[in-house]
Amino acid sequence: MTEPPDRPPFLPFALPEIGEEEIAEVVDTLRSGWVTTGPKARRFETDFAAFLGDPGLHCVAVNSATAGLHLALEAVGIGPGDEVLTTTHTFTATAEVARYLGADVKLVDCDSATLNIDPAAVEAAIGPRTKALVPVHYAGLAADMPRLLQIARRHRLKVVEDAAHALPTTCGGRLVGTLDSEATVFSFYANKTITTGEGGMLVTRDAQIAARARVMRLHGISRDAFDRFSAQVPSWYYEIVAPGFKYNLTDIAAALGLHQLRRAHEFQRKRQRLAEAYHAALAGLPLHLPATAPQGEVHAWHLYVVRLADDARVARDRVIERLYAAGIGCSVHYIPLHLQPYWRDRYGLQARQFPRSQRAFERMISLPLYTRMQESDVLRVAEALRGAL
Ligand SMILES: *Cc1c(COP(=O)(O)O)cnc(C)c1O
């Protein structure tokens with residue numbers, strides 16, 4: 001049987017945009033004979049620091065944001081008995097890394113307008129064991145960093161930003177990555193705003209955090225011996241100073257990153273235009289549209305998340321089914337951590353402790369938003385949503 005001729009092709013929820021320059025750079029890497037961490041990973045770090053535009057920054061390339069978050073918490077000294085605060089409204093990677101280190105996680109509710117971590121809930125959750133705070137810039141909109149940093153300073157908490165959605169995002173006119181936290185971690189996973197397939201970048205102003213992350217990124221191998229005695233130490237010599245990890249980024253992945261990074265602002269402008277097209281096309285439907293950035297700030301628009309309004313007459317799950325039936329991929333960001341069996345059972349969590357995240361979760365749908373979409377795709381999604389509602 002053939003498809004009816006008027007049936008439009010499936011519109012996926014997300015797709016990467018990989019150009020000929022990325023492909024040529026990967027081929028060049030493959031031909032060079034140096035495929036693992038080497039000159040291109042190093043150049044990606046230098047370019048990333050230049051992109052952020054702050055000469056005081058150290059950038060450490062890693063094979064995922066999860067790895068970067070783990071290294072950052074390790075480097076700021078998180079360990080058994082400590083407690084790390086983060087939002088329930090995130091992906092599990094944000095929180096799981098604290099557990100790798102034997103620390104506990106305390107989840108807090110989000111703000112109902114932005115879905116970013118609620119500073120008042122953070123302040124109320126701080127206890128004697130609380131050592132670190134991990135805010136997430138949800139969907140690409142900056143968390144309330146001025147207030148969060150103020151609370152953290154007052155209580156001597158380390159701050160590690162989960163910036164997996166936030167390239168490029170600004171807060172107070174400064175790019176996320178250049179704020180006054182201990183470290184910021186970006187993701188280059190396949191569906192993020194730039195991609196290396198898998199990859200991440202740990203960014204810090206603190207030379208000691210950067211040095212520790214570099215050592216722990218590769219088996220705990222210290223290069224200090226080379227630097228101090230480079231003339232005397234033979235090239236085969238190295239020292240293991242800790243039981244480190246295997247978190248280095250390959251040159252094959254970095255080759256993609258070099259060109260994706262150059263397009264990051266162009267990609268953001270495209271996402272911004274598509275988001276604006278959604279705002280216009282969805283106006284008047286029984287939906288809460290996502291929060292936009294304050295005047296003069298940049299929203300990375302990693303996600304476009306709508307929520308069903310009270311007067312919507314259809315359940316969220318049914319709307320998603322109808323969108324799929326219309327050939328449109330969509331998703332939910334996120335099933336909050338307090339509903340996930342591991343987190344719920346380990347900490348005895350209940351939905352009523354997180355009313356804003358819970359309510360948002362029950363009504364939310366993430367619509368397709370990526371640079372390879374056209375405005376006509378946005379109109380098609382809006383039309384399907386109008387029909388589904
Ligand atoms: C994607 C994502 C991560 C993990 O990124 P990886 O690079 O896949 O490890 C962490 N936190 C959030 C909020 C994410 O969306």
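Every value quoted in this text rests on a predicted model; they were computed, and no experiment measured them. As the structure lists them, so they are numbered: ligands from 1, and atoms in each ligand from 1.
A donor-acceptor pair under 3.5 Å links the side-chain atoms of Arg217 to the main chain of Ala61, judged by distance alone.
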Considering only N or O atoms, set out every pair between ligand 1 and the protein closer than 3.5 Å, with distances to one decimal place.
unit_1: ligand 1; atom_1: 5 (O); unit_2: Ser187; atom_2: OG; d: 3.2
unit_1: ligand 1; atom_1: 7 (O); unit_2: Ala65; atom_2: N; d: 2.8
unit_1: ligand 1; atom_1: 7 (O); unit_2: Ser187; atom_2: OG; d: 2.7
unit_1: ligand 1; atom_1: 9 (O); unit_2: Ala65; atom_2: N; d: 3.3
unit_1: ligand 1; atom_1: 9 (O); unit_2: Thr66; atom_2: N; d: 2.9
unit_1: ligand 1; atom_1: 9 (O); unit_2: Thr66; atom_2: OG1; d: 2.5
unit_1: ligand 1; atom_1: 11 (N); unit_2: Asp162; atom_2: OD1; d: 3.4
unit_1: ligand 1; atom_1: 11 (N); unit_2: Asp162; atom_2: OD2; d: 2.7
unit_1: ligand 1; atom_1: 15 (O); unit_2: His165; atom_2: NE2; d: 2.7
unit_1: ligand 1; atom_1: 15 (O); unit_2: Lys192; atom_2: NZ; d: 3.1
unit_1: ligand 1; atom_1: 15 (O); unit_2: Tyr334; atom_2: OH; d: 3.1

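Residues that satisfy the side chain to side chain contact (heavy atoms under 4.5 Å, CB included) test with Leu285, not counting sequence neighbours, are Leu282, Leu287, Arg386, Leu389. Residues passing the side chain to side chain contact (heavy atoms under 4.5 Å, CB included) test with Val215 are Val241, sequence neighbours excluded.
A donor atom on one side chain and an acceptor atom on the other are found under 3.5 Å apart for Tyr342 and Arg99. Side-chain contact annotation: Glu17 with Thr371, donor-acceptor N/O pair under 3.5 Å present.
The hydrophobic cluster around Val136 extends to none of the other residues, as no ILVMFWY side-chain heavy atom falls under 4.5 Å of it.
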